[in-house]
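Convention: sequence-line order gives letters A, B, ...; per-chain numbering from 1.
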Amino acid sequence: MNILDKLRERDYVEQTIYEDKLIEMLENENVPFYIGIDPTADSLHVGHFVTLMVASYMQKAGHKPIILMGGGTANIGDPSGKTDMRKMMSKEEINHNVDCIKAQVSKFISFEGENAAIIVNNADWLLDLKFVDFMREIGTQFTVSKMLSADCYKNRLETGLTFFEMGYMLMQSYDFLTLYNKYGCKLQIGGNDQWSNIIGGVNLIRKFGHDDSFAFTIKLLTNKEGRKMGKTEKGALWLDKEKTTPYEFYQYWRNIDDKDVRKVLSMLTFLPMEEVNKLTAVEGEELNKAKKIAAFEITKLVHGEEEAKKAEDAANALFSGSGSMENIPSVQADDNIGILDAIILAGFAPSKGQARTLIDQGGITINDEKVTEQNLILSSNNFEKDIILKKGKKSYCKIILK
RNA sequence: GGGCAGAUGGUCGAGUGGUUAAAGGCGGCAGACUGUAAAUCUGUUCUCAUUUGAGUACGAAGGUUCGAAUCCUUCUCUGCCCA
């Protein structure tokens with residue numbers, strides 16, 4: 001089975017271009033390919049996860065990943081955020097982010113060995129561009145009428161399309177061209193929302209007389225309602241364990257909709273498809289098994305086996321009473337802390353007002369007893385040293401009195 | 001450059017001088033039901049204090065008024081039309 005079919009089997013692939021030639025090339029040579037990541041934060045989130053999975057499969061199939069950091073494009077900001085143009089990020093900031101991201105990327109792809117991945121930054125070539133030269137060399141290769149026929153611009157036409165947004169396509173295309181020339185990069189892989197920008201690059205290379213530039217896009221990870229997965233009340237689901245704890249991360253996948261289990265098993269784990277099929281062949285309550293495995297496997301990929309086990313252990317302890325209480329999320333608190341402050345400390349509410357609401361609504365329990373008293377003081381005289389604070393049905397936090 | 005329209009809470013979107021901390025939808029959270037699922041129903045959803053209370057808030061800054069998201073002035077931004 002060729003790699004593209006393999007990716008298709010796992011439902012990663014959305015669109016391809018020049019597919020026959022692409023398959024032929026992938027079968028016959030080791031192809032340098034690139035994925036782009038904007039270093040706008042010091043951690044990746046679930047949105048990047050799928051792309052990294054694909055990159056990983058590609059590397060295992062013998063192809064060389066090039067990770068393109070959008071240090072140049074991150075400078076000016078994302079055109080889709082209309083209201084606030086992103087602040088200029090300093091070089092230090094970007095470098096810091098690149099370092100953090102690299103550590104996360106290494107969990108999926110290898111920077112060693114024969115087809116070791118490399119990281120490049122498009123700031124290296126974009127920031128020094130001369131406008132007129134760029135327009136003459138690259139700008140002449142694009143026709144506005146063609147660009148406007150792309151869906152992504154068509155929609156924007158009514159709400160206001162800036163020149164910058166159109167220029168974004170040129171820059172991304174130029175990235176591909178540069179990587180082609182510098183590293184022999186022949187394939188770009190990206191999210192399907194990037195389709196227009198991606199084929200811009202493919203065609204640009206072809207206009208300069210080469211016929212071996214290719215691309216395919218990856219399906220966005222969405223839930224059954226078509227909404228992007230990985231959104232939580234606290235914002236994005238980060239891959240950094242400081243930002244999203246492994247326990248929270250595990251719980252997110254443990255709680256997904258029945259209808260999405262198959263998708264995450266296939267797209268976010270390396271489990272063989274036969275196993276995925278077997279796991280998801282059942283219905284109803286039985287699917288919980290598949291969810292547990294999905295949660296474990298996905299957490300293991302991102303945080304390592306040890307953290308995944310801890311998260312699983314904590315879940316068992318809290319939900320089925322079988323694991324040890326050792327690994328459940330916990331915070332230290334001063335003795336004689338008020339219940340409201342404890343709730344905030346545990347991260348269950350951002351303000352006392354909301355903590356009160358939670359108590360009023362009967363959503364808070366301590367050691368399985370419902371809390372009704374807002375002025376309750378947690379002191380070591382009345383309680384054990386460790387107190388299990390619970391919000392709602394599935395948020396737990398161990399309060400450790402100092 | 002000229003004309004017109006608009007900017008409201010996490011989001012969408014009502015509201016045109018006073019019971020407006022601002023309808024309704026979505027989203028979030030909690031309760032019931034359940035499988036740590038979905039659907040459904042109920043409650044809740046600015047901050048602080050909590051018996052009544054106070055403070056902020058309707059793009060920004062001023063002003064009119066006993067009283068403004070609502071009226072006036074200037075500014076910023078966005079869209080549409082004409083050039």
Side-chain angles (χ1 to χ4, degrees), chain A residues 77 79-86 153 155-165 222-237 245-265 279-280 282-296 298-299 311-323 325 327-329 338-341 343-344 346-366 368-376 388-397:
Chain A
S80 57
K82 278 191 300 182
T83 43
D84 50 333
M85 272 307 220
R86 212 175 272 159
Y153 289 133
N155 305 334
R156 302 276 301 139
L157 218 47
E158 279 146 36
T159 52
L161 174 68
T162 63
F163 184 74
F164 167 69
E165 281 171 88
T222 53
N223 63 18
K224 67 161 202 322
E225 275 137 5
R227 218 173 267 121
K228 271 190 199 173
M229 272 198 205
K231 295 269 179 223
T232 70
E233 77 270 30
K234 288 176 191 161
L237 196 66
T245 65
Y247 176 79
E248 283 174 291
F249 192 80
Y250 178 95
Q251 284 298 318
Y252 182 86
W253 303 109
R254 177 63 186 84
N255 281 309
I256 51 167
D257 194 296
D258 284 7
K259 299 185 185 79
D260 294 323
V261 188
R262 194 189 149 76
K263 188 185 265 178
V264 300
L265 275 171
L279 283 168
T280 52
V282 293
E283 276 185 5
E285 196 179 340
E286 289 286 291
L287 264 177
N288 275 327
K289 257 186 227 159
K291 288 189 194 177
K292 278 183 195 164
I293 291 171
F296 179 79
I298 297 169
T299 309
E312 191 179 48
D313 202 39
N316 284 337
L318 295 171
F319 292 102
S320 52
S322 62
M325 297 301 254
N327 292 318
I328 71 171
I339 180 70
L340 295 175
D341 287 318
I343 291 169
I344 293 169
F348 291 165
S351 69
K352 283 193 181 174
Q354 290 185 33
R356 283 199 173 89
T357 310
L358 280 170
I359 292 177
D360 282 346
Q361 296 187 128
I364 296 291
T365 63
I366 280 182
D368 278 331
E369 273 186 51
K370 192 167 280 186
V371 175
T372 51
E373 179 51 60
Q374 296 187 354
N375 298 320
L376 186 69
I388 303 297
L389 185 70
K390 181 182 171 196
K391 182 195 81 160
K393 276 163 293 207
K394 29 189 171 174
S395 304
Y396 291 86
C397 186

Reported CG-to-CG distance for the pair A:L265 and A:L279, which is rounded to 0.5 angstrom: 6.0 Å

Taking only the side-chain nitrogens and oxygens of A:S320, find out if one of them lies under 4.0 Å from OP1 or OP2 of B:U36. no

P atoms of B:A23 and B:G43, separation to the nearest Å: 15 Å

Pair A:I328-A:Y247, side chain to side chain contact (heavy atoms under 4.5 Å, CB included): steps then yes or no: CA-CA 8 Å; A:I328 71 171; A:Y247 176 79; 5.7 Å; no

Can you tell me how far C1' of B:G43 sits from CD of A:Q354, to the nearest Å? 15 Å

Atom CG of A:L358 and atom C1' of B:U45: how far apart are they, to the nearest Å? 11 Å

Looking only at side-chain atoms of A:Q361, point me to the closest of B:A37, B:G43, B:G31. B:G43

Without decimals, in angstroms, what is the distance between A:K370 NZ and B:A30 P? 13 Å

P gap between B:G27 and B:C80, integer Å: 31 Å

A:D368 side, atom CG; A:I366 side, atom CD1 - distance, nearest 0.5 Å: 11.0 Å

Pairwise distance CG(A:L340) to CD(A:Q354) - rounded to 0.5 angstrom: 12.0 Å

Is there a donor and acceptor pair, one atom on the side chain of A:D360 and one on the base of B:G43, closer than 3.5 Å? no

Could you tell me how far B:A22 sits from B:A69 if I compare only their P atoms? Round to whole Å. 13 Å

Separation of B:U34 atom C1' from A:K291 atom NZ, nearest Å, is 11 Å

Which is more 5' along RNA chain B, the nucleotide nearest A:G392 or the one nearest A:G284? Just name the residue. A:G392

Among the nucleotides B:U36, B:C29, B:C48, which one has an atom lying closest to any side-chain atom of A:K352? B:C48

Side chain to side chain contact (heavy atoms under 4.5 Å, CB included) for A:M325 and A:I388? Distances and angles first, verdict last. CA-CA 10 Å; A:M325 297 301 254; A:I388 303 297; 3.9 Å; yes

P gap between B:A60 and B:U11, integer Å: 14 Å

Roughly how many Å is it from CD in A:Q374 to P in B:C48, rounded to a whole number? 13 Å

Between the side chain of A:K291 and the main-chain N/O of A:I256, is any donor-acceptor distance below 3.5 Å? yes

When you get a sec, tell me which of B:G31, B:C29, B:U36 is the closest nucleotide to the side chain of A:K391? B:C29

Hey, could you give me the CG/CD distance between A:D360 and A:Q374, rounded to the nearest 0.5 Å? 5.0 Å

Nearest-angstrom distance from the residue atom NZ of A:K393 to P of B:G31: 5 Å

Under 4.0 angstrom, heavy atoms only, what part of the nucleic acid is A:I256 near: base, sugar-phosphate, or nothing? sugar-phosphate

Return one dot-bracket line describing RNA chain B 5' to 3' (Watson-Crick or G-U wobble pairs, both distances under 3.5 Å; ( ) same strand, [ ] crossing, | another strand, . none). (((((((..(((.....[.....)))((((((.......))))))(((....)))...(((((..]....)))))))))))).

Nearest of B:U36, B:U47, B:A38 to any side-chain atom of A:K394? B:U36

Would A:R254 and A:N288 satisfy side chain to side chain contact (heavy atoms under 4.5 Å, CB included), going step by step from the backbone distance to the final call? CA-CA 8 Å; A:R254 177 63 186 84; A:N288 275 327; 3.4 Å; yes

Starting from P on B:A37, measure out to NZ on A:K292 and report it in whole angstrom. 13 Å

Between B:C29, B:G31, B:U44, which nucleotide has the shortest distance from any of its atoms to the side chain of A:T357? B:U44

For B:U45 and B:A21, measure between their P atoms and round to the nearest Å. 15 Å

From CZ of A:F319 across to P of B:A37 the rounded distance in Å is 9 Å

Taking atom C1' in both B:C72 and B:G25, compute the distance separating them and give it to the nearest angstrom. 34 Å

Winner on side-chain proximity to A:D258, out of B:G35, B:C29, B:G31, is B:G35

In whole angstrom, give me the gap between the C1' atoms of B:U36 and B:A30. 16 Å

OG1 on A:T299 to CD on A:Q251, rounded to 0.5 Å: 9.0 Å

Using a 4.0 Å heavy-atom cut-off, does A:A315 contact any base of the nucleic acid, only the sugar-phosphate backbone, or nothing at all? base

Taking atom C1' in both B:C46 and B:C29, what distance in whole Å separates the two? 15 Å

Looking only at side-chain atoms of A:S351, point me to the closest of B:A37, B:U36, B:U47. B:U47

On RNA chain B, compare the nucleotides closest to A:P350 and A:Y250; which residue's is nearer the 5' end? A:Y250

